[in-house]
Amino acid sequence: MTLTTARKTATGAIATAATDVALDSGPLRLTRRGRIVVSLVVAALVFALAGLLGPVRSAYSREEPQRVEVYQVQPGDTLWEYAEQITPEGGDVRDTVRQIQKLNDMDTPTLYAGQRLVVPVDE
């Protein structure tokens with residue numbers, strides 16, 4: 001296949017040049033920038049798959065089911081005070097607070113009168 005280009009010279013005449021374009025140029029070669037882009041795309045795909053499959057793996061944990069009960073918050077209750085009441089002797093109240101927050105999907109330890117909390121039951 002031949003590609004012909006035309007350009008005007010300084011004298012005003014039109015000069016043409018024929019260039020052969022090879023259809024089969026051999027193996028694909030990536031520049032350094034191309035290799036970086038391909039690497040970043042592959043890394044992004046790996047992270048995306050890990051993000052999708054990560055929650056699936058944690059959903060099938062082998063933890064024993066935990067017994068819980070529902071507690072209705074009374075006026076003046078604080079999470080710390082309630083956690084102190086239900087923490088086993090020698091246990092860490094901070095662990096109980098974190099456990100209650102996790103069970104109830106709480107971002108802060110703020111409680112409201114009438115709120116229902118799912119709390120762990122010691123066996």
Side-chain angles (χ1 to χ4, degrees):
M1 176 178 206
T2 303
L3 176 66
T4 304
T5 58
R7 62 186 160 103
K8 218 172 197 181
T9 62
T11 61
I14 295 180
T16 60
T19 308
D20 287 331
V21 176
L23 293 178
D24 183 26
S25 60
L28 177 65
R29 294 183 190 208
L30 288 176
T31 62
R32 182 172 184 251
R33 185 185 327 172
R35 287 190 299 270
I36 291 172
V37 169
V38 169
S39 298
L40 290 174
V41 168
V42 169
L45 289 173
V46 168
F47 282 118
L49 285 174
L52 291 174
L53 298 178
V56 172
R57 196 175 102 196
S58 66
Y60 293 105
S61 66
R62 296 179 185 245
E63 292 181 17
E64 291 291 319
Q66 182 175 12
R67 287 194 50 221
V68 294
E69 64 183 27
V70 176
Y71 172 77
Q72 187 164 356
V73 177
Q74 302 302 311
D77 281 352
T78 67
L79 186 57
W80 184 267
E81 289 171 347
Y82 184 71
E84 278 181 323
Q85 293 173 14
I86 65 169
T87 300
E89 190 163 331
D92 192 346
V93 177
R94 293 172 295 188
D95 292 337
T96 305
V97 168
R98 281 190 288 268
Q99 190 175 22
I100 293 171
Q101 285 182 299
K102 183 178 177 183
L103 283 170
N104 292 280
D105 197 26
M106 299 170 65
D107 294 328
T108 65
T110 306
L111 297 179
Y112 303 99
Q115 179 179 1
R116 292 174 184 250
L117 293 178
V118 176
V119 294
V121 175
D122 235 5
E123 293 183 26

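- Annotation: side chain of R94 is not in contact with side chain of V97 (no heavy-atom distance under 4.5 Å).
- Between E81 atom CD and L79 atom CG the span is 10.0 Å, to the nearest 0.5 Å.
- We find the OG1-CD distance between T96 and Q101 to be 11.5 Å, quoted to the nearest 0.5 Å.
- Here I36 pairs with R32, L40 under the side chain to side chain contact (heavy atoms under 4.5 Å, CB included) rule; sequence neighbours left out.
- The backbone N or O of Q72 lies less than 3.5 Å from a partner atom in the side chain of Q74, making a donor-acceptor pair.
- Remark: D92 CG to R98 CZ distance equals 6.5 Å, nearest 0.5 Å.
- Y82 has its side chain within reach of V119: a pair of non-hydrogen atoms, C-beta onward, lies under 4.5 Å apart.
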What donor-acceptor contacts under 3.5 angstrom involve side-chain atoms of residues 104-117, with partners at least two apart or in another chain?
from: N104; atom 1: OD1; to: V118; atom 2: N; distance (Å): 2.8
from: N104; atom 1: ND2; to: I100; atom 2: O; distance (Å): 2.8
from: N104; atom 1: ND2; to: V118; atom 2: O; distance (Å): 2.7
from: Q115; atom 1: OE1; to: Y112; atom 2: N; distance (Å): 2.9

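- Annotation for L103 and P120: closest pair CD1-CD, 3.7 Å, computed over non-hydrogen atoms.
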